[in-house]
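Starting from 1, each residue takes its place in the sequence as its number. FYI, side chains are in, hydrogens and waters are out, and symmetry mates aren't considered; it's all heavy atoms of this structure. Predicted model, so just to flag it, every value in this text is computed and none were measured.
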Amino acid sequence: MLKIELIQPRQPYGVLIIGNFLSEITGAHSASEDLAVALKPYFREILTTSSQRYRPLRLFSMVAAVARHRRRYQVAVVNVFSGRAFMWAEITSKILSAMGKKVILALHGGALPQFAMKHPQKVTRLLAGAASVIAPSEYLATAMRPYRPDIQVIPNGIFLDRYSVRTQPSLKRLLWLRAFHEIYNPSMAIDALSRVLEKYADVTLEMVGPDKGDGSLERCRERAREKGVLDKVVFRNAIRKEEVPQALQRGDIFLNTASVDNTPVSVIEAMAAELCVVSTDVGGIPYLLKQGHDALLVRAGDSDQMAAAIETLICAPEEAIAMARRARHTVEGFDFPCVVRKWCSVLESARISGNPAQAAEEECY
């Protein structure tokens with residue numbers, strides 16, 4: 001059981017968080033799930049939805065939770081994604097507003113700015129109706145401020161004390177930890193490994209994550225066979241959130257190969273565990289990582305450049321270890337005690353701006 005030292009008194013009202021809570025099914029643990037755990041000690045109760053895997057049922061369960069629990073919460077945090085998932089935020093926000101509930105929108109996904117450019121009126125209308133809009137990175141906040149100028153930044157949090165560090169990493173164990181999906185380009189890690197093995201025969205790669213079913217996992221296996229490196233790669237299924245710190249201990253260099261990204265928790269976790277990070281420079285990554293300071297950044301899809309970055313770390317272990325330590329320092333501000341203070345402030349501001357009679361009714365429930 002997670003023990004959290006309270007940093008402020010428990011608030012006498014409930015909060016509903018609407019997003020993806022699918023870790024028990026898919027193995028992919030969302031930022032919403034972490035936030036719900038972190039906020040639970042500070043509010044009368046934290047309600048969450050949805051854990052339904054199938055999209056139509058997920059929307060139905062979200063709407064049902066909004067109505068069914070209406071007397072148990074005063075403020076709702078609605079996660080906003082691009083694509084078809086944007087509709088969930090639209091529909092639930094409209095219902096919440098009609099019920100007099102205060103809505104805080106939490107933006108997610110590196111593809112959201114492109115979606116907003118295609119649907120500016122729809123996005124502007126949604127954001128305008130919220131009490132507050134939160135982005136997990138300055139990158140996403142900057143990109144979305146044309147649609148709502150007062151977007152605030154609260155980073156995705158981690159429980160920093162869960163992540164222990166190694167004193168003498170070997171720098172020969174590569175680790176990739178993400179979902180097997182084309183937007184994360186997992187085959188790039190295989191190609192980079194193949195190149196590195198030409199010079200360093202004892203390097204290995206472990207790839208961990210849920211199979212999203214688009215063929216990416218099968219393509220990775222086939223690429224490893226084609227390159228003749230299958231014996232150097234270990235594929236593992238999705239792991240539980242509490243297993244991530246242990247998995248990170250099995251790596252020295254963390255590879256992030258995404259083609260689209262925002263501020264991935266997986267990278268933040270790797271930094272917390274003092275792994276050396278080599279990442280593509282897409283989306284919000286350059287806002288999180290500084291080239292040569294706490295990570296090495298490469299062009300999206302450029303496996304040769306990623307291999308060269310890995311070789312740079314192997315050749316200069318002292319500099320690599322120093323960079324990893326700076327990365328740990330960078331993410332200290334992502335520790336949940338810091339993040340919770342910011343969320344509590346935003347939630348309380350939304351509550352105060354609500355209907356006083358409704359607030360009194362909620363507090364007496």
Side-chain angles (χ1 to χ4, degrees), residues 1-17 19 21 23 29-48 73-77 79 104-108 131-141 151-166 240-249 254 262-275 277 284 287-290 294-295 324-352:
M1 176 66 67
L2 179 66
K3 182 179 180 181
I4 300 177
E5 182 180 353
L6 294 180
I7 56 176
Q8 66 179 61
R10 183 187 294 267
Q11 299 299 317
Y13 58 93
V15 176
L16 173 66
I17 302 179
F21 293 84
S23 62
H29 208 276
S30 69
S32 296
E33 291 177 286
D34 285 342
L35 180 63
V37 171
L39 290 179
K40 190 173 182 179
Y42 301 99
F43 293 88
R44 187 180 66 201
E45 61 181 325
I46 297 292
L47 304 159
T48 63
Y73 67 91
Q74 188 171 335
V75 184
V77 178
N79 287 274
I104 297 173
L105 298 177
L107 309 181
H108 293 281
S132 297
V133 181
I134 306 299
S137 68
E138 189 57 46
Y139 155 72
L140 196 55
I151 295 175
Q152 303 176 59
V153 176
I154 302 180
N156 293 326
I158 59 171
F159 297 100
L160 193 62
D161 58 0
R162 293 180 177 179
Y163 302 88
S164 57
V165 300
R166 287 84 33 74
R240 297 190 302 272
K241 184 66 175 180
E242 56 269 24
E243 296 175 313
V244 170
Q246 182 180 357
L248 291 171
Q249 291 298 304
F254 186 88
N262 182 20
T263 309
V265 172
S266 59
V267 173
I268 296 170
E269 291 175 315
M271 297 167 72
E274 283 194 12
L275 272 68
V277 175
Y287 290 76
L288 172 65
L289 304 170
K290 294 181 181 178
D294 47 25
R325 287 174 179 165
R326 290 193 293 269
R328 167 85 179 195
H329 179 72
T330 297
V331 298
E332 287 177 356
F334 294 73
D335 197 12
F336 259 122
C338 300
V339 172
V340 162
R341 287 188 183 93
K342 295 177 181 179
W343 268 107
C344 286
S345 176
V346 169
L347 289 162
E348 181 63 11
S349 295
R351 186 190 74 91
I352 292 173

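- Distance check: Glu274 CD to Leu248 CG gives 12.0 Å after rounding to the nearest 0.5 Å.
- Considering only residues two or more places apart in sequence or on other chains, Tyr163 meets the ring pair (Phe, Tyr, Trp, His ring centres under 6.0 Å) condition with none of them.
- Panel note: side chain Arg328, backbone Ala272; a donor-acceptor pair is recorded below 3.5 Å.
- The two residues Asn156 and Pro136 have their closest heavy-atom pair at OD1-CB, 3.7 Å.
- Atom NZ of Lys40 sits about 11.5 Å away from atom CD1 of Ile17, to the nearest 0.5 Å.
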- Item | Test log, rule side chain to side chain contact (heavy atoms under 4.5 Å, CB included), inputs Val277 and Asp294 | CA-CA 8 Å; Val277 175; Asp294 47 25; over 6 Å; no
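- The heavy-atom pair separating Cys344 from Tyr42 by the smallest distance is SG-CB, 4.1 Å.
- Here Leu35 contributes atom CG and Phe336 contributes atom CZ; the two are 6.0 Å apart, rounded to the nearest 0.5 Å.
- Taking 4.5 Å as the limit, some side-chain heavy atom of Leu39 sits within range of a side-chain heavy atom of Leu347.
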- For the pair Val77 and Val15, evaluate side chain to side chain contact (heavy atoms under 4.5 Å, CB included) and give the outcome as yes or no after the intermediate values. CA-CA 7 Å; Val77 178; Val15 176; 4.2 Å; yes
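- Of all heavy-atom pairs between Gly19 and Asn79, the closest is CA-ND2, 3.8 Å.
- To the nearest 0.5 angstrom, His108 atom NE2 is 4.5 Å from Ser32 atom OG.
- When side chains are defined from C-beta on, Tyr139 does not count as touching Leu288, because their heavy atoms never get closer than 4.5 Å.
- The side chain to side chain contact (heavy atoms under 4.5 Å, CB included) with Glu269 is formed by just one residue from the set Leu160, Val244, Leu275; it is Val244.
- The two residues Gly157 and Asp34 have their closest heavy-atom pair at O-OD2, 4.2 Å.
- In this structure, Gln246 contributes its side chain and Glu243 its backbone to no donor-acceptor pair below 3.5 Å.
- Evaluation of the salt bridge (charged side-chain N to carboxylate O under 4.0 Å, His left out) rule for Glu332 yields no partner, not counting sequence neighbours.
- Counting heavy atoms from C-beta on, the side chains of Gln11 and Val75 never come closer than 4.5 Å.
- With hydrogens and angles disregarded, a donor-acceptor distance shorter than 3.5 Å links the side chain of Arg10 to the backbone of Phe43.
- Checked against side-chain contact (heavy atoms from CB on, under 4.5 Å), Lys342 has the following partners two or more places apart in sequence or in another chain: Ile154, Pro155.
- Listed for the Arg341 side chain is a donor-acceptor partner under 3.5 Å among the backbone atoms of Pro337.
- With rounding to the nearest 0.5 Å, the separation of CD1 in Ile268 from CZ in Phe334 is 4.5 Å.
- Looking at Glu348, Glu45, Arg44 one by one, the single match for side-chain hydrogen bond (donor to acceptor under 3.5 Å, both in side chains) with Tyr13 turns out to be Glu348.
- Using modelled atom types, one finds a donor on one side chain and an acceptor on the other under 3.5 Å when comparing Asn262 with Ser137.
- Note: Leu107 CG to Ile134 CD1 = 8.5 Å, rounded to the nearest 0.5 Å.
- Listed here is the closest heavy atom pair of Ala131 and Ala350: CB-CB, 4.1 Å.
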